[in-house]
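First up is the structure itself, then whatever we jot down about it.
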Amino acid sequence: MRERAADLLEWYDRHARQLPWRMPPGCGARPDPYRVWLSEVMLQQTTVAAVTSYFERFTTLWPTVEALAAARDEEVMGEWAGLGYYARARNLLKCARTVAEKGAFPRNRAELETLPGIGPYTSAAIAAIAFDASEVVVDGNVERVMARMFAVEDPLPGGKRVLREKAALLTPEARPGDYAQAVMDLGATVCTPKNPACGICPWMGYCQGRKAGIAADLPKTEPKKAKPVRFGVSYVGRRADGAWLLERRPARGLLGGMLGWPGAEWGDVAREAPPVAAAWREVGGEARHTFTHFHLRLDVRVADLPMEAVPAVGDFVPREAFRPSDLPTVMRKVFDLAHDTFDNI
DNA sequence: AAGGCGTGGCC
DNA sequence: TGGCCAAGCCT
């Protein structure tokens, strides 16, 4: 097993991707725990391509955990907009404030895991990458690589325990941070979910899945449930001075803490619920969006509102303070549909 | 302990 | 086009 780790590290020394949060392989210096933590949270269920620009933006605005801890909630939520899984941003702030209070990130896995937004994977990754601890780092990539290496046919998520045991067998004492990133790089670039490039894999000779000709069919997964379709109506109102009527969503649940356009709760049928009486008009088309567990179709209504309008819900955001990039993607789609129907934006 | 929780790219 | 999938966590 030691030989396999060594082979992979040799591959990593030659093929490691250069990433903004990563130290070059073999480089003696440790990366900044703040940057490791921030990148790992952003990378939860999210691709490197999607994360990179957000990481650059966050570290420019907030170079240290103390700076992030001092930021306003709304500003951080606005900068996270578009990246998804917004509970991560809420937990990010809680975690930053706890760490800033303590003075530093804890250095061991167990203590890291007590922090908000840091679970079994992220705690192990931070301990290994930032603090050189020999922790077993298991994410979706590692599960896929292990399922193929050892031809594990138990379907996920049930097979997770077995795959973790396999991962533990291979984890070395030396260079645990590089090793963890190497397995994940292997999964992201060679041992991919579809069309794995077995011919160039450093573990080709060890792979039982390849030997059995079933590598590309692993890991097996339980069948997914079909997503239901939900319907709703969104109201995009602009006051005569150019201010937009927006609503801060409750801090929990779907899109929690994010800005959005007013409207009734989404359901099996679209319910009208204008935030203020006005000459609401329809726009052509509907905003379509798919969340983790349902499809959504939103009708969009627009209206020009008088200065004396007093909405039942939401608040007017001044024209110069409104940035569409502060909106979660579904709400930005609504805005894009409404946008063309207004004059002089 | 299943299910809630985003989004964009790929085929 | 639509379903699948990605460096998971929380309740």
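Below, chain A is the first sequence line, B the second, and so on; all start at residue 1.
In terms of polar N and O atoms assigned as donor or acceptor, the side chain of A:Thr46 never comes within less than 3.5 Å of the base of B:dG8 in a complementary pairing. Side-chain to base pairing of A:Thr122 with C:dG8: no donor and acceptor N or O lie closer than 3.5 Å to each other.
Closest heavy-atom contact between A:Pro193 and A:Arg148: O-NH2, 3.1 Å. Scanning both residues, A:Pro20 and A:Arg35, for their nearest heavy atoms gives O-NH2, 2.7 Å. When all heavy atoms are compared, the tightest approach of A:Gly260 to A:Leu246 is O-CD2, 3.4 Å.
Ion pairing of A:Asp154 with A:Lys220 is absent here, as no side-chain N (NZ or NE/NH1/NH2) approaches a carboxylate O to less than 4.0 Å.
Residue contacts for A:Val330: at a heavy-atom cut-off of 4.0 Å it reaches the sugar-phosphate backbone alone, with no base atom in range. Within the nucleic acid shown, A:Leu255 comes within 4.0 Å of sugar-phosphate atoms alone, with no base atom in reach, counting heavy atoms only. Residue contacts shown for A:Pro328 are limited to sugar-phosphate atoms, with no base heavy atom under 4.0 Å away. At a threshold of 4.0 angstrom between heavy atoms, the contacts of A:Arg90 with the nucleic acid are absent. Residue contacts for A:Ile129: at a heavy-atom cut-off of 4.0 Å it reaches no nucleic acid atom on any strand shown. At the heavy-atom level, A:Arg249 lies nowhere under 4.0 Å from the strands shown. Contacts of A:Gly256 with the nucleic acid, taken as non-hydrogen atoms under 4.0 Å apart, are absent. Within the 4.0 angstrom heavy-atom criterion, only backbone atoms of the sugar-phosphate kind lie near A:Lys224; the bases stay farther away.
The nearest whole Å value for the distance from the CZ atom in A:Phe291 to the P atom in C:dC5 is 21 Å. Rounded to a whole Å, the NZ atom of A:Lys227 is 8 Å from the P atom of C:dG3. Between the C1' atom of C:dG8 and the CZ atom of A:Arg109 lies a distance of 15 Å, rounded to the nearest Å. Taking atom CD of A:Glu113 as the reference point, atom C1' of C:dC9 lies 10 Å away to the nearest angstrom. Rounding to whole angstrom units, CG of residue A:Leu115 and C1' of C:dG8 are separated by 16 Å. Separating the CH2 atom of A:Trp80 from the C1' atom of B:dC5 is a distance of 13 Å, rounded to the nearest angstrom. A:His295 has its NE2 atom 14 Å from the P atom of B:dG4, to the nearest Å. Atom CH2 of A:Trp37 is separated from atom P of C:dC9 by 14 Å (rounded to the nearest Å).
In this model, the phosphate group of C:dG8 is approached by a side-chain N or O of A:Gln45 to a distance below 4.0 Å at OP1 or OP2. OP1 or OP2 of B:dC5 sits under 4.0 Å from a side-chain N or O of A:His293. In this model, the phosphate group of C:dA6 is not approached by any side-chain N or O of A:Tyr85 to a distance below 4.0 Å at OP1 or OP2. In terms of phosphate contacts, A:Thr329 brings a side-chain nitrogen or oxygen within less than 4.0 Å of OP1 or OP2 of B:dT7. Checking the phosphate oxygens (OP1, OP2) of B:dT7, no side-chain nitrogen or oxygen of A:Arg332 falls inside 4.0 Å. Residue A:His289 has a polar side-chain atom (N or O) positioned under 4.0 Å from OP1 or OP2 of B:dT7.
Residue A:Glu282 qualifies as open at atom CD: its count of foreign heavy atoms under 6.0 Å is 12 or below. Within a 6.0 Å sphere centred on CG of A:Asp73, heavy atoms belonging to other residues, nucleotides or ligands number more than 12.
Of the two residues near DNA chain C, A:Leu43 and A:Asn91, the one whose nearest nucleotide lies more 5' is A:Leu43. Sequence order on DNA chain C of the closest nucleotides to A:Lys225 and A:Asp139 puts A:Lys225 first from the 5' end.
Looking at A:Trp11 and A:Val190, their side chains come closer than 4.5 Å, going by heavy atoms from C-beta outward.
Residue A:Gln44 places its side chain closer to C:dG8 than to any other of C:dC5, C:dG8, B:dG6.
Nucleotides B:dG6 and C:dT11 place their P atoms 14 Å apart, quoted to the nearest Å.
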